[in-house]
Each structure stands twice: as C-alpha cells, then as structure tokens.
Participant: 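Below you will find the structure I want to go over with you.
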2 protein chains.
Amino acid sequence: MARSPKREKLLEATKELLWEVGFEAMSPRDIQERSAARPGSLYHHFSSKLALAGEAMREIAEQDVARINAFFAEEGPPLEIVQRYLELKRDSVRGCRFGRLVNEASIQHDELRGPVNAFFNAIRENLTLKLKQAKEEGALPATVSPEALAVSLLALIQGGAVLARAYQDETLYEQATQGALALLREAADKAHEQAS
Amino acid sequence: MARSPKREKLLEATKELLWEVGFEAMSPRDIQERSAARPGSLYHHFSSKLALAGEAMREIAEQDVARINAFFAEEGPPLEIVQRYLELKRDSVRGCRFGRLVNEASIQHDELRGPVNAFFNAIRENLTLKLKQAKEEGALPATVSPEALAVSLLALIQGGAVLARAYQDETLYEQATQGALALLREAADKAHEQAS
DNA sequence: GTCTATAGGGGGATAGAC
DNA sequence: GTCTATCCCCCTATAGAC
C-alpha cells in the first residue's frame, strides 16, 4: 500500500468532522482546512466527499465493532457483562456518531448505511447472546425475550445520547441507564427467587 | 391579527419540511415551492429562515404538549397509563421531529432549543408523576427511582425511533418497547408480591 | 501526489414594483 | 401582502501545472 500522508490526514479530519457536525454539514473546505490538504489531494485519493466519508465510517465501524466484540468476550456472568456495558463511560453530550447519521438524507447511500448498520448489529447481537445465556442460567424471568430486550437496551443507549445532547448534560444519559439497570436487577431478583 | 394566507402556508410547509429533512437541509426555496409563496412573502412575515422555523416548532410543541398532557390526564392506574403511552402507535420510521434536531448545529439557537426542550420536559414530567404514584401504590419496587425511570423510558422512545429509522423498519421500535414493558411487568409483579 | 485556479449551482436574503 | 429580479457567498468538484 502506497503511503500517502495527505490521504491519512484527510481521513483523520473527516472522522473528527463526521462526529462533530455530521455528513451534510461538513464541507470539503472544512476537511481541507483541518487536514492541511488541498482539493487536488482530496479528489486524487477519493472520488467524492461521499466516498471519503464512507471510507472514514468504514474504518471507524471496523475498530468499534472489534472493541465491542472484545468487551463482550470478557469472562464473567452474562448479565453482569450486560450491566457493565450499560455503565461504560460514554461521551454522551457529543452524541453517537453512528446514531446521528440516521437523520441525514445521505444515510440512504450504502457507503454510510453499511457502517452504521454494522455498528448497531454488533451491539444487538452481543447483547442478545448474553441475555440468552442469562436466561438459560435462570438469571432472567421466562417472560423476557432476549431479542426484544437487546433492542430495548440499544435503544436506551441511543436515546440516552439524544437526551444528553438535548440538555447538554451527561447526567441525563446516566439517569437513563440507572433507571434501566434498576429494573433489570429487580427482574433478575425475581427470576432467582422463582428458581430457588 | 391580520389574516395572511401566505403566512399560514409558509408555516405549514415549514412544519412538514422540518419533519422530513430537518432545519439545515431545508432551504428557503424548498419552503417557497411547497407553499407557493415567494421570497417577498417569506421575508415580509419572518425575519429569517430561523425565525420561521422557530415559530413553526413553537406551534408544534404547543400542540404536542397539550396532547401529551391530555393523554396522561386520563383515568386509570398510573402504571397502566405509562404502559399505554409506550404502546402508542408512532410513525417511528419517520423519526421524532424534536429528537432529530438535537444533532443539528442550529439546536444552539433558543428558537429551536426552546420547543425541543418543552416537548422533552412535558413527557419527562408526566412520566415521573405517574411513576411516583405507581410507587406510592406499591406497584413499583422501592429500589426504583421514578425520576431515573422516566428518563429511561423517554430515552427508550427516542432510541426506538433512531433504530426504526436506521433499519427502515417499524418493528425495531416495537421490539424496543415490548422488551421494556416485559421488564416493567416483572418489576410490578415483584412489588405486588412483597406488598402482600 | 500535491498544488493553484476556477467553474456551475444553490443557499439565504434584499430591493423595489405592484 | 405579494410579486419579480437580483446579489453575494459558499458548496462540490474539475483542470491542469508542478
């Protein structure tokens, strides 16, 4: 692979801007200024702003999915891992860089939708697996559907980020997860009582 | 107040476009075409695109808050009203027109932030009140914080809308609420057992 | 592979006639 | 109150020298 300093700088700048302002609000000029690269470099390495953003999102998703898989591969009781995942520190006031894109028109393009869906799928699948294991161990009531609850928890994280941004206050995110964790603990308690 | 057909048409068109594409992606030209009004009309009635959008959001928020308050004022067991609120049909694939704005740069302007916060506050406050009542009746465990759980449920709704849009599939929203409702029922059961 | 210069089009808004 | 005509600026991209 030919090393191209400007190509890397362009990707770095694009990753930052996609998080800060999203795709539509990020102009090629913004990218060029932040990466100290000129139009010639941008359009030499990428065919369009969309292609550049697509590659940037692809790289971010690949990294994040790997980290998520690693987190859920840790040792420990399944339900505890789920709880720890919800309690992970997140920069919630900045919002989720994947979630923020779903409201842009450009999400219809495969280049952006692909990475976003890969990210959501990774979380959903890992959560579903752990919740299934928890249920088999009797750590969750029989009435609970692991698939549905996984979607609930993913929605909780996404919605928590929306509220933290709306109020510009991290504690909204924390309240959202704490409220859910309290319910989860009650359900787990009840399951254990019934098992014994 | 002088009746101005064009003023009303402009507001109607703006309300639609704010939902469909958001604030940044909506150009004055788009508004003009949809409302069959010309620049002269727009800038006669409103000082800027932001002022027009602000008035549109203010009217929507006012309406929605009234409907929310009416819904939560209905008769019935508090927890049941909360459950019914979560099960309300929503056009989730279109997303939440308030939630979608929090990722736009323009949310920093009071004209837009005000209505968005008014909407979120109304839901939060109504949910908190009903959950407090439910807890007092012994329909929720003592470990559950009504304030935190209200934020969780609001986050769930917002996140459910994000996922439904991401996957272009209403059932994601429904899974999110069903998973949460199952947990809520388990917690309610446990509270009732302990009370008896 | 990176640069400078430039193009076509649309964004947000204003002026002034009617 | 509504219209037409027009302005300036930035958005995205291309051409072609180095």
Side-chain angles (χ1 to χ4, degrees), chain A residues 1-57 59 100-101 103-112, chain B residues 1-57 59 100-101 103-112:
Chain A
M1 180 192 294
R3 298 216 55 264
S4 306
K6 292 294 183 187
R7 187 178 194 277
E8 293 313 308
K9 290 221 169 212
L10 283 161
L11 281 168
E12 275 321 298
T14 302
K15 288 175 188 174
E16 291 174 18
L17 285 166
L18 280 171
W19 200 347
E20 288 173 26
V21 305
F23 177 76
E24 319 269 14
M26 167 188 74
S27 83
R29 279 170 140 94
D30 296 334
I31 300 170
Q32 289 156 24
E33 281 173 23
R34 190 172 295 212
S35 59
R38 300 272 158 191
S41 294
L42 200 166
Y43 292 99
H44 171 74
H45 292 294
F46 304 96
S47 62
S48 66
K49 173 187 158 188
L50 177 61
L52 167 53
E55 174 65 11
M57 289 303 291
E59 290 188 8
R100 76 167 302 151
L101 289 182
N103 286 311
E104 301 206 14
S106 44
I107 192 65
Q108 68 183 297
H109 298 293
D110 294 347
E111 291 91 334
L112 300 183
Chain B
M1 182 192 295
R3 298 213 57 265
S4 306
K6 292 294 181 187
R7 187 178 194 277
E8 295 312 310
K9 291 222 169 210
L10 283 161
L11 280 169
E12 276 320 300
T14 302
K15 288 175 189 175
E16 290 173 19
L17 284 166
L18 281 171
W19 201 347
E20 290 172 24
V21 306
F23 178 76
E24 318 269 14
M26 168 189 72
S27 83
R29 282 172 141 92
D30 296 333
I31 300 170
Q32 289 155 26
E33 281 173 24
R34 190 172 295 213
S35 59
R38 301 272 160 190
S41 294
L42 199 166
Y43 293 99
H44 172 74
H45 293 293
F46 304 95
S47 62
S48 65
K49 173 187 157 188
L50 176 62
L52 167 53
E55 174 64 11
M57 288 303 293
E59 290 188 9
R100 76 168 301 149
L101 289 182
N103 286 311
E104 301 206 14
S106 44
I107 192 64
Q108 69 184 296
H109 298 292
D110 294 347
E111 291 91 333
L112 300 183

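What you are looking at is a predicted structure, and each value in this text was computed from that prediction instead of being measured. Chain letters run A, B, ... following the sequence lines, proteins first, then strands; residues in each count from 1. Quick note: numbers below take in every heavy atom, side chains included, and nothing from hydrogens, waters or symmetry partners.
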Participant: Distance check needed: C:dA13 P versus B:Leu42 CG, whole Å only.
Facilitator: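 My rounded result for the distance is 9 Å.
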Participant: Does anything in residues 43-53 of chain B pair up under side-chain hydrogen bond (donor to acceptor under 3.5 Å, both in side chains), and if so which pairs, sequence neighbours excluded?
Facilitator: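 Residue pairs with at least one partner in residues 43-53 of chain B: there are none.
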Participant: Just how far, in rounded Å, is P of D:dG1 from NE2 of B:His45?
Facilitator: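 So the two atoms are 6 Å apart, to the nearest Å.
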Participant: Can you name the residues that form a side chain to side chain contact (heavy atoms under 4.5 Å, CB included) with A:Glu24, not counting sequence neighbours?
Facilitator: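 Applying side chain to side chain contact (heavy atoms under 4.5 Å, CB included) to A:Glu24 gives A:Glu104, A:Ala105, A:Ser106.
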Participant: Rounded to the nearest Å, what distance is computed from the CG atom of residue A:Leu17 to the P atom of nucleotide D:dC11?
Facilitator: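 My rounded result for the distance is 12 Å.
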Participant: Where do A:Leu101 and A:Ile107 come nearest, in terms of heavy atoms and distance?
Facilitator: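 For A:Leu101 versus A:Ile107, the nearest heavy atoms are O-CB, 3.6 Å.
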Participant: Side chains of residues 10-18 of chain A: which donor-acceptor partners sit under 3.5 Å, not counting sequence neighbours?
Facilitator:
residue: A:Thr14; atom: OG1; partner: A:Leu10; partner atom: O; Å: 2.7
residue: A:Lys15; atom: NZ; partner: A:Glu59; partner atom: OE1; Å: 2.7
residue: A:Glu16; atom: OE1; partner: A:Arg34; partner atom: NH1; Å: 2.8

Participant: If only side-chain N and O atoms of A:His44 are considered, is one of them under 4.0 Å from the OP1 or OP2 phosphate oxygen of C:dC3?
Facilitator: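 So the side chain of A:His44 is outside the cut-off, no N or O lying under 4.0 Å from OP1 or OP2 of C:dC3.
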Participant: Does B:Arg38 make a side-chain N or O approach to OP1 or OP2 of D:dT2 shorter than 4.0 Å?
Facilitator: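 So the side-chain polar atoms of B:Arg38 never come under 4.0 Å of the phosphate oxygens OP1 or OP2 of D:dT2.
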Participant: Taking side-chain hydrogen bond (donor to acceptor under 3.5 Å, both in side chains) as the test, write out the residues that go with A:Glu55, two or more places apart.
Facilitator: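 Per chain and number, A:Glu55 pairs via side-chain hydrogen bond (donor to acceptor under 3.5 Å, both in side chains) with A:Arg58.
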Participant: May I ask you to verify if any side-chain N or O of B:Ser41 is less than 4.0 angstrom from the OP1 or OP2 atom of D:dG1?
Facilitator: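 So the side-chain polar atoms of B:Ser41 never come under 4.0 Å of the phosphate oxygens OP1 or OP2 of D:dG1.
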Participant: Grab the N/O contacts between the protein and nucleotides 12-18 of chain D below 3.5 Å, and write none if there aren't any.
Facilitator:
residue: D:dT12; atom: OP1; partner: A:Lys49; partner atom: NZ; Å: 2.7
residue: D:dT12; atom: OP2; partner: A:Pro28; partner atom: N; Å: 3.2
residue: D:dT12; atom: O4; partner: A:Arg29; partner atom: NH1; Å: 3.1
residue: D:dA13; atom: OP2; partner: A:Tyr43; partner atom: OH; Å: 3.1
residue: D:dA13; atom: OP2; partner: A:Lys49; partner atom: N; Å: 3.1

Participant: Can you name the closest pair of heavy atoms from B:Lys6 and B:Ser35 and give their distance?
Facilitator: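 Taking every non-hydrogen atom into account, NZ-O, 4.4 Å.
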Participant: For A:Leu10 and C:dG1, what is the distance between atoms CG and P respectively, to the nearest whole Å?
Facilitator: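 One finds 13 Å between P of C:dG1 and CG of A:Leu10, rounded.
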